[in-house]
Amino acid sequence: MSGNLKLNPEPELNLELKLKRYRISQAEYHKICELLGRPPRSVEWALFSALWSEHCSYKSSKIHLKKFAQTMTKKVVTATGENAGIFDLGLGEQVAFKMESHNHPSFIEPYQGAATGVGGILRDIFTMGARPIASANYLCFGDLKAPRMKYLVDGVVRGIGGYGNSVGVPTVTGQTTFASGYNNNILVNAMSVGLLREGDPIALSAAKGIGNWVVYVGAQTGKDGVHGAAMASESFDENSEAKKPNVQVGDPFFEKLLIESCLEILKMNLVVAIQDMGAAGLTSSSFEMASKGAVGMNLHLDLVPLRDPSMTPEEILLSESQERMLLVCEPQNFSKIQEVFLRWGLEAAKVGEVISERKMKLFWRGEILTEIDPDLLSENAPQYQRNYSAWAFPRRLASLAEVKMAWVKAAGQRMPLLEQLGSEKFCQRKAIYQQYDQRVGAMTARGAEEDIAIQCLPDSRRGLAVVVGCRPGLTAVDAEIGALDAVFYPALQLALKGALPCAITDCLNFGNPEKLEIMSEFVAAVEAIIKAAKLLEAPVISGNVSFYNETLGTSIPPTPAIGMIGLRENVFQIPRDVFQTAGSPVILGRFAGSWFSPTNFCGSWPEEKLKAFRGFIEILREESANSFLSAQAVGEGGLQIALAKMSMGNLGFCWTAAALTEEEMQLTPLYQVLLEASEAKPSSLLQRLKEKVKARQLEHWIRFENIGVVSKDEFSLSANRVYSLAQLKQRWQLGLDSVFGGPS
């Protein structure tokens, strides 16, 4: 350590106060002292606080996340360790995609929290050299009557739309869930998809080349977001409002300029390495780039462009100001880079250089603050083997009766149909997605008005399908079955639209991992996702973990959100979500037999059942393009809600099969599909479906039957359950009016 170490100008705090301020435990403090051979000094406290936070280090989850390597296939171009995973679609087209959480910031300040969540995930994509072509989101809110909830819903949706619409990337799909489990902790998960066309270079983040320059580009650094990573690594308490200064502030117009300038210099091959300044800002980007490249850096903090000249070195290091990148370039290329950024109205400033010594040397006005091996922070963060137990009773319920009761309670079912349709849980989401620009860029063939989005790839003209999913009502009953479902259900939705599931990203949202029950949920979910991904041959190529989603000791339901991409050969004859032709037969497909099968919920799925489910989606995908006018996977609310939603176009439905009880109409979560046959008679499609089931020897697992016809002017489930289409639509369309400007 250099002798002229610059001390922190603030008054010296005692050890207990420092540990509290920097959110470092006693055990972690002792490990830091062991690694350094002395106590931490000066800005070193801030460095360890940021990079050893749960948000940055994944210290409670990394041991289990390594298991996702089992899912990789030869089509994965990049995965672990980079900003986003890249999957090869063939024909010279590759996609980079990832999902991340911005839960804590969005609960504190919903507009900026959600907006900067969109901006951050976009940067993860174009940092890889991919042009962002689509955004998606997975949102969980509490009951609308809960304190602040209408304010949170409105702010989050406006934040997503305000940023996404301005930056010029379409928001094409999403899922919005309302459940009381999120009354005190909402979830805002943002997904972005980018395209690499033939010849586009892939950008990586490992710093290389001794003597190369370290260059800061983009917006100036301000005090917003300081200590944001640490804030996102702890639970909320009654003082959460005081954390607003930890929330970043975004500028989508700056982001648009940053996208174009970064992609331009990457195509010009002017960049050796590049990294987004995301969580923990300059600290994480610089230390991670150096560690990955097995090099060091001289970093001059006083050369960082600032919005506020009063900022201290610690604030500069930890600021999470948006729209900033760090890159490494050869010195002779700096002037060309600067020229490009100036043309786009952005700054490019040299702030350091790559050195051979494995040290990060941080300077401030000529004096050295610290020199420290980057691996001490990036590679030596604690990895905790948190206590967990095998997934079993009491969380795994023992009997079907218990499961039914828990499912009804979690999913908010057993309501009259009109009451269900008017509730926030089941009502139309148009008030949300109409605030998003879905078609900027002219690639969107199907947007947020349908269950999955499909974009037309510009070169091959194939259809790239995007879907997000997770049913918290199911995960609250059983975290393992719910995590399987978080993969299987979107895969089923893709298959119904003729798309082959290709690859997965995830955003694993859980409570406090220090609690046995929460960690048990998490491990069960991870292992279930791996099982499902391997079955579908759809690798998990990127993702995020968000822990400590709890307030005053009360946790959210386990919520392993999944983002999935699929591929179609074209964008023609895609089955719609609503009925298309009066008189068309409607076929119900059921997996695993009964209306509410004990084998679906009580005990793990055996290998035979997993293979049968794969056969189910393969049959549906094969028949989709030529046989279905419309198709829906039956979700929460069961057949009653699914049929009602399919009747929200201009046509209804008439049930003609044997009568079902109201319970049977509502309890159908695993797995059923509704198919509007393109033939006038159902027999030909039914015959083909049954022949394919028989050919795969899956008669025990899969049933198809005709249940009714598309009706011209009414919705009928039985003789005493007949509704006009106007009745259904009125209830369904007005459910969110109290949030977005309608009657309170």
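Scope of the values below: all heavy atoms of this structure, side chains included, with no hydrogens, waters or symmetry mates. Position 1 is the first residue of the sequence; numbering continues from there.
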* Backbone of Phe97 reached by a side-chain donor or acceptor of Thr505 within 3.5 Å -> no
* Residue list, side chain to side chain donor-acceptor pair (under 3.5 Å) with Glu264, at least two apart or on another chain -> Arg343, Trp344
* **Exercise: identify the closest heavy-atom pair between Leu266 and Pro201** => O-CG, 3.4 Å
* Asked: Quick one: does Asn137's side chain get under 4.5 Å of Val188's, heavy atoms only?
  -> no
* To do: Measure from the side-chain N and O atoms of Lys98 to the backbone N and O of Ile125, and report whether any donor-acceptor pair falls under 3.5 Å.
  => no
* Going from CG on Leu258 to CG on Leu263, what distance comes out if it is rounded to the nearest 0.5 angstrom? -> 9.0 Å
* To do: Give, for atom CG of Asp124 and atom CD of Glu100, the distance between the pair rounded to the nearest 0.5 Å.
  => 4.5 Å
* So, do Glu527 and Val523 sit near enough that their side-chain heavy atoms are less than 4.5 Å apart? -> yes
* Is Glu379 salt-bridged to Arg358, going by a charged N under 4.0 Å from an acidic O? -> no
* Asked: So how far is it from Met297 CE to Ile355 CD1, rounded to the nearest 0.5 Å?
  -> 9.5 Å
* Asked: So among Leu65, Asn189, Asn544, Thr559, which one has a side-chain contact (heavy atoms from CB on, under 4.5 Å) with Leu508?
  -> Leu65
* Any donor-acceptor N/O pair, Ser101 side chain to Asn103 backbone, under 3.5 Å -> no
* Has Gln385 got more than 12 heavy atoms of other residues, nucleotides or ligands less than 6.0 Å from its CD? -> yes
* So with a 6.0 Å cut-off around CG of Asn387, is the heavy-atom count from everything else above 12? -> no
* Side chain Glu480, main chain Ala528, donor-acceptor under 3.5 Å -> no
* **Donor on one side chain, acceptor on other, Ser205 and Glu288, under 3.5 Å** => no
* To do: Name the orientation class of the two ring planes belonging to His64 and Tyr388 (parallel below 30°, tilted from 30 to 60°, perpendicular beyond 60°).
  => perpendicular
* To do: Measure across Ile63 and Tyr384 and return the closest heavy-atom pair with its distance rounded to 0.1 Å.
  => CD1-O, 3.6 Å
* From CA spacing to verdict: side-chain contact (heavy atoms from CB on, under 4.5 Å), Thr370, Ser42 -> CA-CA 8 Å; Thr370 187; Ser42 183; over 6 Å; no
* To do: Answer yes if the side chains of Arg324 and Thr221 hold a donor-acceptor pair under 3.5 Å, and no otherwise.
  => yes
* May I ask you to check whether over 12 heavy atoms, not counting those of Lys31, lie within 6.0 Å of atom NZ? => yes
* If you round to the nearest 0.5 Å, how far is CG of Asn509 from CG of Leu187? -> 4.5 Å
* Say whether, by atom type as modelled, one donor and one acceptor occur between the side chain of Ser520 and the main chain of Ser389 under 3.5 angstrom. => yes
* Verify, without hydrogens or angle tests, whether Tyr548 (side chain) and Thr551 (backbone) share a donor-acceptor contact under 3.5 angstrom. => no
* Side-chain heavy-atom pair Val217, Ser261 within 4.5 angstrom cut-off -> no
* **More than 12 heavy atoms of other groups within 6.0 Å of Lys350 NZ** => yes
* Under 3.5 Å side-chain donor-acceptor pair for Glu44 and Tyr22 -> no
* Asked: Side chains of Pro539 and Phe68: does their closest heavy-atom pair fall under 4.5 Å?
  -> no
* **Smallest separation among heavy atoms of Asn512 and Glu514, with atom names** => OD1-N, 2.9 Å
* Does Arg131 come within less than 4.0 Å of Glu260, counting only side-chain N to carboxylate O? -> yes
* Asked: If every non-hydrogen atom of Met325 is compared with every non-hydrogen atom of Asp276, which pair is closest and at what distance?
  -> SD-CA, 3.7 Å
* Test item: Phe287 and Met360 side chains (from C-beta on) under 4.5 Å apart, heavy atoms -> yes
* To do: Return yes if some donor-acceptor pair links the side-chain N/O of Ser285 with the main-chain N/O of Gly281 below 3.5 Å, else return no.
  => yes
* Asked: Could you state the interatomic distance from OG (Ser25) to CZ (Arg23), rounded to the nearest 0.5 Å?
  -> 13.5 Å
* Sidechain-backbone polar pair: Thr283 side chain, Leu317 backbone, donor-acceptor under 3.5 Å -> yes
* To do: Check whether any side-chain heavy atom of Gln94 sits under 4.5 Å from a side-chain heavy atom of Met128, and report yes or no.
  => no
* Is the closest side-chain donor-acceptor distance between Asn83 and Thr127 under 3.5 Å? -> no
* Structure fact -> Between Ala207 and Val295 the two heavy atoms that sit nearest each other are O-CG2, 3.7 Å
* Asked: So Glu550 and Asn184, side-chain contact (heavy atoms from CB on, under 4.5 Å) or not? Walk me through it.
  -> CA-CA 7 Å; Glu550 68 171 29; Asn184 295 311; over 6 Å; no
* To do: For residues Tyr29 and Trp45, establish whether the separation of their ring centroids is below 6.0 Å.
  => yes
* Mind checking what makes ring-ring contact (aromatic ring centres under 6.0 Å, His included) contact with Phe363, not counting sequence neighbours? -> His300
* Side-chain heavy-atom pair Arg41, Leu36 within 4.5 angstrom cut-off -> no
* **Heavy-atom side-chain contact between His104 and Asn549 under 4.5 Å** => yes
* Indicate whether any N or O donor in one side chain lies under 3.5 Å from an N or O acceptor in the other, for Gln322 and Asp251. => no
* Asked: Would a distance-only check, ignoring hydrogens and angles, find a side-chain to backbone donor-acceptor pair under 3.5 Å from Ser321 to Gly222?
  -> yes
* **Residues Met99, Ile121; criterion side-chain contact (heavy atoms from CB on, under 4.5 Å); working and verdict** => CA-CA 7 Å; Met99 183 185 284; Ile121 197 64; 5.7 Å; no
* Structure fact -> Between the CD1 atom in Ile202 and the OG1 atom in Thr78, the distance rounded to the nearest 0.5 Å is 6.5 Å
* Spell out, as yes or no, whether a donor-acceptor pair under 3.5 Å connects the side chain of Gln112 to the backbone of Gly250. => yes
* Structure fact -> For Pro382 and Glu28, the nearest pair of non-hydrogen atoms, with its separation, is CG-OE2, 3.9 Å
* Would one find more than 12 heavy atoms of other residues, nucleotides or ligands at under 6.0 Å from atom NZ of Lys67? -> yes
* Worked check of side-chain contact (heavy atoms from CB on, under 4.5 Å) between Ser106 and Ile186 -> CA-CA 8 Å; Ser106 299; Ile186 65 172; 4.3 Å; yes
* To do: Check whether more than 12 heavy atoms from other residues, nucleotides or ligands sit under 6.0 Å from atom CD of Gln332, and answer yes or no.
  => yes
